[in-house]
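These numbers come from the heavy atoms of this one structure, side chains and all, not from hydrogens, waters or symmetry mates. Naming: A, B, ... by sequence-line order, numbering from 1 per chain.
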Protein chains: 2
Amino acid sequence: MKNTRNTIAKAAIFELIKNSKVALSHAEIQELNQEACDRVTIYRILDRLTAEDVIHKIVTPSGTVKYAACHHADHEEQHHVHNHVHFNCEVCQLVTCLENVEPTFKLPANYKVNQVNFTVSGICPSCAL
Amino acid sequence: MKNTRNTIAKAAIFELIKNSKVALSHAEIQELNQEACDRVTIYRILDRLTAEDVIHKIVTPSGTVKYAACHHADHEEQHHVHNHVHFNCEVCQLVTCLENVEPTFKLPANYKVNQVNFTVSGICPSCAL
DNA sequence: AATTAAACGCAACAAAGTTGCATTTAAGAA
DNA sequence: TTCTTAAATGCAACTTTGTTGCGTTTAATT
């Protein structure tokens, strides 16, 4: 893998994502980061963090892209597959990782899986009250 | 539901999607339709067809939006949930509906599901040869 | 044939993401 | 510590994707 550097901007953005209980979009990250770095830089940092497998990309049914921290053990060698469910509340719009919900399914023969994206939309417990 | 009309453009676009073995993006539909109608009109037709539940929207892990025909029985009354898996081949880029693959999963209490988006990326049997 | 609201085309706009290039900077080497 | 250099950044420009408003056209009913 290509060398990557630990820059201030990268660390700051990773902190934002790691400390957030919900997945964040590029726009949200930019705002939370107080415009401390360029729009383009954020795109590039998100790409790097995703490639390094410390965050993962989530695409909601409405098409918005969000990012969340990975919670797998650091020592895992192989590229992690994020096969847990992401819940997208239609009321509060928040996207949360349901780390414990891993769907089971069986593909026909000869399909090779590299990546999965399981997103469920609906109403979360908080908004259902 | 609001009245909808069967226009030439709508019928043409529905035919394109229905006759395609793979899910189509807006750009692909526009090209296949020979620019016979406006870009905006295609967006509006896709929205209508989706609302009428004769096509469904698929969002791939890379964030591209595609549309595929629905193959459920016409007489179903309730709004259909497309809980089958969509496979996105990373080589040929084609997105196909695996109608028979329906993942099972169990959400924590009090989550209400309205919509699901299950997409798996990898290599399809044709490209694996 | 007349009516009317849905659908359309067009222009303008907004949001999201990409690319090229000159400048800055992190991190290892001297 | 300073030197070196490739990674990272900022900025401008651009593309792609999706939206909105409005005047005109057209499908479907009367």
Side-chain angles (χ1 to χ4, degrees), chain A residues 1-17 23-68 88 90 93 95 117 119 121, chain B residues 1-17 23-68 88 93 95 115 117 119 121:
Chain A
M1 187 160 78
K2 211 164 81 168
N3 272 11
T4 61
R5 293 178 184 175
N6 292 316
T7 65
I8 296 165
K10 182 181 162 189
I13 286 168
F14 181 46
E15 280 302 304
L16 284 176
I17 296 172
L24 299 174
S25 68
H26 173 275
E28 289 161 347
I29 290 166
Q30 190 178 5
E31 199 179 355
L32 284 172
N33 197 37
Q34 309 274 353
E35 323 274 322
C37 69
D38 197 72
R39 241 166 52 77
V40 179
T41 300
I42 296 178
Y43 279 116
R44 295 197 264 229
I45 289 173
L46 291 173
D47 285 347
R48 260 183 289 151
L49 290 172
T50 304
E52 290 169 17
D53 209 30
V54 295
I55 65 173
H56 63 282
K57 187 176 177 176
I58 304 160
V59 182
T60 71
S62 58
T64 54
V65 173
K66 303 223 171 189
Y67 296 88
N88 180 24
E90 292 164 356
Q93 292 296 333
V95 174
N117 186 65
T119 313
S121 295
Chain B
M1 189 160 76
K2 210 164 85 171
N3 272 9
T4 61
R5 294 177 183 178
N6 293 316
T7 65
I8 297 165
K10 182 181 164 190
I13 285 168
F14 181 47
E15 280 302 304
L16 285 177
I17 296 172
L24 299 173
S25 68
H26 173 275
E28 288 162 347
I29 290 166
Q30 190 177 5
E31 198 178 358
L32 284 171
N33 197 37
Q34 310 274 351
E35 323 274 322
C37 69
D38 195 72
R39 241 167 51 77
V40 178
T41 301
I42 295 178
Y43 279 115
R44 295 199 263 230
I45 288 172
L46 291 173
D47 284 347
R48 260 183 289 150
L49 290 172
T50 303
E52 290 170 15
D53 209 30
V54 295
I55 66 173
H56 63 282
K57 186 176 177 176
I58 304 159
V59 183
T60 71
S62 60
T64 54
V65 174
K66 304 223 171 189
Y67 294 89
N88 179 25
Q93 291 295 335
V95 174
Q115 201 186 350
N117 186 64
T119 313
S121 296

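- Residue R48(B) is in sugar-phosphate contact alone, with no base atom involved, counting any heavy-atom pair closer than 4.0 Å across all strands shown.
- Distances shorter than 4.0 Å separate some side-chain N or O of T7(A) from OP1 or OP2 on dT9(D).
- For R44(A) against dG17(C), a side-chain-to-base donor-acceptor contact under 3.5 Å is absent.
- Between L49(B) atom CG and dA7(C) atom P there is a gap of 10 Å when expressed in whole angstrom units.
- For the pair E15(B) and K10(B), the salt-bridge criterion is not met [side-chain N within less than 4.0 Å of a carboxylate O].
- Here dT24(C) presents its C1' atom at 14 Å from CG of D38(A), a figure rounded to the nearest Å.
- Counting to the nearest Å, the P atom of dA27(D) and the NZ atom of K10(B) are 13 Å from each other.
- Here the two rings, on H26(B) and Y43(B), have centers that are under 6.0 Å apart.
- Within the 4.0 angstrom heavy-atom criterion, base atoms lie near V40(A).
- To the nearest angstrom, P of dA7(C) lies 8 Å from CG of N3(B).
- With hydrogens and angles disregarded, a donor-acceptor distance shorter than 3.5 Å links the side chain of D38(B) to the backbone of V40(B).
- Closest-nucleotide positions on DNA chain D for A9(A) and R39(B) were compared, and the one nearer the 5' end corresponds to A9(A).
- A side-chain donor-acceptor contact under 3.5 Å links N117(A) to the backbone of V59(A).
- Counting to the nearest Å, the P atom of dC13(C) and the OH atom of Y43(B) are 18 Å from each other.
- Listed candidates were dG10(D), dG17(C), dA7(D). Nearest to the side chain of R5(A) is dA7(D).
- We find that CD1 of I45(B) is positioned 15 Å from P of dT19(D), with the value rounded to whole Å.
- I8(A) places its CD1 atom 10 Å from the C1' atom of dA26(C), with the value rounded to the nearest Å.
- The side chain of C37(B) has dG9(C) as its nearest neighbour among dC11(D), dG9(C), dA7(C).
- With hydrogens and angles disregarded, no donor-acceptor distance shorter than 3.5 Å links the side chain of E31(B) to the backbone of E28(B).
- Regarding I42(B), its CD1 atom lies at a distance of 16 Å from the P atom of dA7(C), rounded to whole Å.
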